[in-house]
Amino acid sequence: MSNGWMGKFLTVNLSTGNVNIVDVPQWLQDQYVGGKGYAMKLLYDLLPEGTDPLAPENPLMFFPGPLTGTLAPSMRACVATKSPLTGLLLDSYFGGHFGQEIKYAGYDGIIITGRSDKPVYLWINDDKVELRDAGHLWGTGALEANRAIKDELGDSTIKVSTIGPAGENTVRFALISCEYNRQAGRGGAGAVMGSKNLKAVAIRGSNTVRVSNRKEFLSAVQQGYVELKQSPDVQALVDTGTASAVPFANEAGLLPRRNYQDGTFDLADSISDLGQNNHYWLRSEACAGCPIRCSKVGYIRTGRYAGTISDIVEYESAGLLGSNLEIGDAKAVTYLSALCDSLGIDTISAGSVVGFALEAAEKGLIDKSTLPQNANFGNAEAAAEILKNIAYRKNELGNILAEGVKRAAEKIGSESESFAVHIKGLEVPAWGPRGNPGIALALMTADRGGCHQRGLPLGYELAGEPWKGRILDRLACSGKAEIIVHEQNYLTALDTLVKCDFGHFGISAGTYLRLLKACTGREFSEEQFLELGAKIWNLGRLFNLREGLNPAEDKLPKRFMTEPLPSGPCKGHYFTEADVKLMLTEYYNLRDWDSSGYPTKETICKYGLNDNQKFEIK
Amino acid sequence: MRTVIYTNFDLCTGCAICQMICSEHKTGGTNPRLALLRISPGRNGLIHQPEVCQQCQNAFCLKVCPVEAVYRNKDNGAVIIDDSKCTGCGLCVKACQKSMIMLDKENKAARKCDLCGGDPLCVQFCPTGALQIVKLGGEKDE
C-alpha cells in the first residue's frame with residue numbers, strides 16, 4: 001500500500017494463545033485515521049462495559065498513525081486501555097522507535113486481550129508472532145529486561161517495550177517503557193500489561209512505509225524542518241529539552257512545592273537545565289525521524305549517585321520528584337527519576353504520591369514507623385525507599401500508596417482527602433493551576449484525568465501569545481473555554497497522525513495537513529480536521545460516561561479551591577466554586593454538552609457517534 | 001580524489017533520519033533497516049555509532065565480484081554496483097567485513113552505498129552534522 005497505512009491489525013489473545021492478522025476496516029480508516037482515533041473507537045467497541053481495568057477482558061492496544069514511521073518530523077504512537085488508576089479511558093503517548101517498528105512489522109495496531117497463565121513476552125518478527133517464556137525476566141527492571149530480550153534474540157536493533165517490577169505488581173501508576181528513555185508514562189498501562197502476565201513486546205519489521213506522493217511528501221517534510229528551525233520554542237528544546245521550563249514555571253508560580261502547597265522553589269535553578277547540564281548531561285538524543293533531539297543523555301560523574309546513567313530529567317519529573325518533594329540537588333533528582341524508569345513507574349504520579357505520604361506523615365495521619373527513617377520533605381534517600389516499597393508493594397504503606405493518591409486518601413481517611421492532589425484519580429502534573437484559570441480548565445476537562453497534554457494554554461495565558469489577535473488577561477476565568485476546546489480538538493486530531501507535542505510547537509497546521517495529504521491522499525481542511533478532533537473527543541467522553549464517570553468530577557483538587565497560593569506573582573490566588581462553574585458552563589456550552597456535562601443527542605448525531613458500526617474481533 | 005562520508009559519532013542523536021531518507025530513496029519506502037548505512041546503538045543509549053561504507057581503496061567487494069558488476073566511479077572514487085550486471089550471487093555481501101552490502105531479495109541484486117552520485121541524501125538530511133562529506137587527498141589515495 002502506498003498511503004502510509006499498513007492496513008492490518010495484529011490481535012493476540014493471551015488466554016488462548018490465538019494470534020490473528022486482520023484487515024483494518026475501510027470505514028475505520030476513513031472515519032478515525034489512526035492513533036488516538038483508533039484508540040478511542042476500539043476501546044469503546046472492544047471493552048465490555050464496566051470491565052475491571054485489571055481483568056483479562058481489558059484490551060491493551062498500541063497504535064501508531066499514518067505518519068508514524070515515515071519521514072514526517074517528530075511522530076509517535078500511543079498505548080490505549082482502560083486506566084486502572086482512573087477507571088476511564090487512557091491514551092498514553094510515547095516517542096522513541098517502538099511505534100515506528102510496529103509499522104515496519106506491517107501493522108497499524110496491536111490489540112492484546114486475555115491473560116497468560118504464566119509470564120510471557122510477545123515476539124513479533126513481521127508476520128511471525130510468538131509468545132515466549134518470560135519466567136526468567138519476571139522481577140527484572142524495565143531497562144534490564146529490554147537488554148536481556150535483545151541479547152536473547154541476538155539482535156540489538158529489535159525494538160522492545162517492557163514493564164518493570166511495578167507493572168508486574170499492578171501498581172496503578174506503572175508505566176510501559178518503550179525503549180530507553182521513552183515511556184507510555186501516565187495512567188497505569190504498565191499495570192494492565194502486568195495483569196496480563198505480559199513482560200514485554202519485542203518487534204522487528206522488514207516492511208517499508210510508503211507514501212502516496214513521494215515528491216510532495218518530501219517537500220512537506222522539508223517545510224516541517226524549516227518551521228521547526230524557525231520556532232524559538234523548538235530551538236529551546238533543541239538546546240535544553242523541557243528542563244528549562246523549571247525556572248519559567250518557578251517565576252510564574254506554577255512549580256509544585258511540598259505536595260503542591262506552594263508554586264515557587266528557591267532551588268529551582270539547581271534542578272533545571274542549569275543543574276542537570278553541570279552534573280551529568282553529555283549529548284543530545286532524538287526519537288525516530290525527529291530533528292529536535294530534546295533528550296539530553298549522560299551519567300552522574302561523582303558523589304553518592306556516581307555512575308547513574310540517565311536521560312534528561314524532564315520538566316514534569318523535576319517538578320514532581322524535585323521541587324514537590326523539596327529536593328534541590330540535581331543529582332538526587334536524577335537518581336530518583338532513573339529509579340522510577342527502572343522500577344517502571346510514572347514519575348509524575350510517583351512524586352505526587354510520595355509528597356502526599358510525606359504530608360500525611362507530617363500531619364500525623366500515618367504511622368511514622370511505616371515510613372523510612374527521616375522521611376521528610378527534602379530527603380531523597382527516604383523518597384527512594386518509599387518508591388521501592390511502592391513498586392514491590394513491600395509493606396502496608398507501600399501497598400496503599402501503590403493504589404495512587406485517590407485510593408490512598410480513601411484508605412487513610414480523615415482530612416487526607418484535602419491534600420490528595422488528583423483529578424479523576426490521575427495525579428496532577430507539575431503545573432499548579434492557581435492564578436491560571438485556563439490551565440485549571442484544561443486539567444479539569446482533560447479526557448484521561450489531570451493531564452497537561454490536552455491543551456494546556458501556557459503560551460496564551462502566560463507568555464503573551466495572542467489568541468485571535470488579543471492578549472489575554474491571565475486571571476480572567478471567562479473566555480478561556482474557547483481556547484481549551486480548540487486546543488483539545490486540534491491536539492486530538494493531530495494525535496491521529498500521531499504527532500509529538502514538541503513537534504507541534506513548530507510545525508504549522510497547514511504543514512501537518514500537507515504531510516497527511518501527500519502521505520495518505522486524504523485531504524482535510526483545517527475545519528474538517530478540527531471536526532475530526534471534536535468527534536473523537538466526544539467519543540472519549542461517551543466512553544468515560546459509560547464506564548461510570550460522574551461529570552461532577554470535572555473539578556479541581558480541594559487544595560486549589562481552599563488554600564491561597566503562598567508565593568509568586570499570583571500569591572493569594574485560589575479558585576472559588578463560582579470560578580469553576582463559570583468556566584465549566586462556557587466549556588460545556590462550546591462543546592454542545594448539556595449543563596451537567598453530557599453530550600446532547602444532537603451532538604452525538606452531529607458527529608455520527610450514534611451509528612452502530614462496531615469493530616469486532618472475530 | 002576519493003569522496004567518503006565521515007561520521008562524527010559524538011554528534012549522532014540516533015534519529016535515523018539518514019536511514020529513513022536512504023531507504024526512501026533506494027526502495028521507495030521508509031524503514032531504517034533497509035538503509036545502506038547503519039546506526040549501532042551503544043548500551044543504555046549513551047552513544048550512537050553511525051556506520052557507513054568507506055568506499056574502500058582496497059575494496060573486497062570489487063575484488064570478489066565474479067562478473068565485474070562492482071566498479072569504481074572515476075570522479076569521486078565511489079564503489080558502485082552495476083545492477084544490469086549483478087547476478088545477486090552474494091559474494092560481495094560475504095566479502096564486506098563491515099557488513100555494508102545487502103542483498104535485495106526482490107530483484108536479486110546486491111545493494112550498497114553509491115554516495116547518491118556524489119551528493120548523499122543522508123548527509124543532506126542529517127540535522128546535526130554527524131555525517132559529513134570528506135574528499136580524501138594525498139598521493140597514497142590516488
Side-chain angles (χ1 to χ4, degrees), chain A residues 1-2 4 68-74 96-97 100-101 103-105 143 146-147 150-151 155-157 159 179-182 204-211 214 217-218 221-222 225 228-229 238 282-299 309-311 338 519, chain B residues 7-52 98-100 102-107 111 116 119-131:
Chain A
M1 255 180 280
S2 289
T68 311
T70 70
L71 270 161
S74 318
H97 300 258
Q100 285 73 9
E101 203 70 23
K103 298 277 293 280
Y104 302 145
L143 300 176
N146 182 309
R147 255 195 309 274
K150 285 176 175 154
D151 287 347
D155 183 352
S156 64
T157 68
K159 306 298 185 248
E179 281 301 313
Y180 294 92
N181 307 330
R182 287 292 172 263
R204 180 170 61 201
S206 67
N207 302 284
T208 54
V209 181
R210 290 168 181 265
V211 300
R214 289 170 67 192
F217 187 75
L218 281 184
V221 167
Q222 299 278 18
Y225 290 158
L228 289 171
K229 223 167 201 157
V238 170
L282 287 172
R283 56 173 277 276
S284 296
E285 165 100 10
C287 299
C290 183
I292 303 178
R293 54 189 181 274
C294 64
S295 273
K296 311 294 157 199
V297 183
Y299 63 93
I309 297 173
S310 179
D311 183 20
C519 176
Chain B
T7 64
N8 298 295
F9 81 88
D10 54 320
L11 298 180
C12 178
T13 67
C15 72
I17 289 175
C18 55
Q19 296 175 299
M20 290 165 122
I21 189 64
C22 179
S23 81
E24 159 64 32
H25 182 58
K26 299 292 186 190
T27 74
T30 317
N31 182 340
R33 275 171 215 291
L34 301 186
L36 301 173
L37 77 169
R38 195 166 49 231
I39 300 175
S40 296
R43 280 175 107 74
N44 303 316
L46 264 186
I47 65 152
H48 293 285
Q49 177 70 60
E51 294 173 79
V52 298
K98 298 282 189 182
S99 306
M100 295 314 303
M102 57 167 82
L103 263 190
D104 180 338
K105 279 180 189 152
E106 277 169 23
N107 63 19
R111 304 162 59 229
C116 298
D119 189 10
L121 283 163
C122 55
V123 175
Q124 287 179 44
F125 272 68
C126 176
T128 65
L131 301 178

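Bear in mind the structure is a predicted one, so any value in this text is a computation, not a measurement. Below, chains carry the letters A, B, ... as their sequence lines are ordered, and counting in each starts from 1.
In this structure, A/Tyr225 and B/Pro127 have side chains that are not in contact, with every pair of non-hydrogen atoms separated by 4.5 Å or more.
A/Asn207 touches chain B through its backbone: at least one of N, CA, C or O sits under 4.5 Å from a heavy atom, while the side chain does not. In this structure, chain B has a heavy atom under 4.5 Å from the side chain of A/Leu218, while its backbone stays farther away. In this structure, chain B has a heavy atom under 4.5 Å from the side chain of A/Glu101, while its backbone stays farther away. Only the backbone of B/Cys12 comes within contact range of chain A, judged by heavy atoms closer than 4.5 Å.
Most heavy-atom pairs under 4.5 Å with chain B, from the set A/Gly69, A/Ser156, A/Gly96: that is A/Gly69. Chain B forms more heavy-atom pairs under 4.5 Å with one residue of A/Arg204, A/His97, A/Lys150 than with any other, namely A/Arg204. The candidate with the highest count of non-hydrogen atom pairs below 4.5 Å against chain B, out of A/Lys229, A/Arg210, A/Lys103, is A/Arg210. Comparing B/Ala16, B/Cys126, B/Pro32, B/Ser40 by heavy-atom pairs within less than 4.5 Å of chain A, the highest count is held by B/Pro32.
Put simply, CG on B/Leu46 and OG on A/Ser310 are 10.0 Å apart, with the number rounded to the nearest 0.5 Å.
Across all non-hydrogen atoms, the minimal contact from B/Thr30 to A/Thr70 is OG1-CA, 4.1 Å. Contact record, B/Cys15 with A/Cys290: CB-O, 3.4 Å, taken as the closest heavy-atom pair.
Among residues two or more places apart in sequence or in another chain, the side chain to side chain donor-acceptor pair (under 3.5 Å) test is passed with B/His48 by A/Glu285.
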Donor-acceptor pairs are to be reported for all side-chain atoms of residues 20-27 of chain B against protein atoms at under 3.5 Å, with residues two or more places apart or in another chain.
residue: B/Ser23; atom: OG; partner: B/Met20; partner atom: O; Å: 3.3
residue: B/Ser23; atom: OG; partner: B/Gly29; partner atom: O; Å: 2.9
residue: B/Ser23; atom: OG; partner: B/Asn31; partner atom: N; Å: 2.9
residue: B/Ser23; atom: OG; partner: B/Asn31; partner atom: O; Å: 3.4
residue: B/Glu24; atom: OE2; partner: A/Arg214; partner atom: NE; Å: 2.6
residue: B/Glu24; atom: OE2; partner: A/Arg214; partner atom: NH2; Å: 3.4
residue: B/Lys26; atom: NZ; partner: B/Asp114; partner atom: OD1; Å: 2.8
residue: B/Lys26; atom: NZ; partner: B/Asp114; partner atom: OD2; Å: 3.1
residue: B/Thr27; atom: OG1; partner: B/Ser23; partner atom: O; Å: 2.7
residue: B/Thr27; atom: OG1; partner: B/Gly29; partner atom: N; Å: 3.2
residue: B/Thr27; atom: OG1; partner: B/Gly29; partner atom: O; Å: 3.0

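Side-chain N/O atoms of A/Thr157 and B/Arg33 include a donor and acceptor closer than 3.5 Å.
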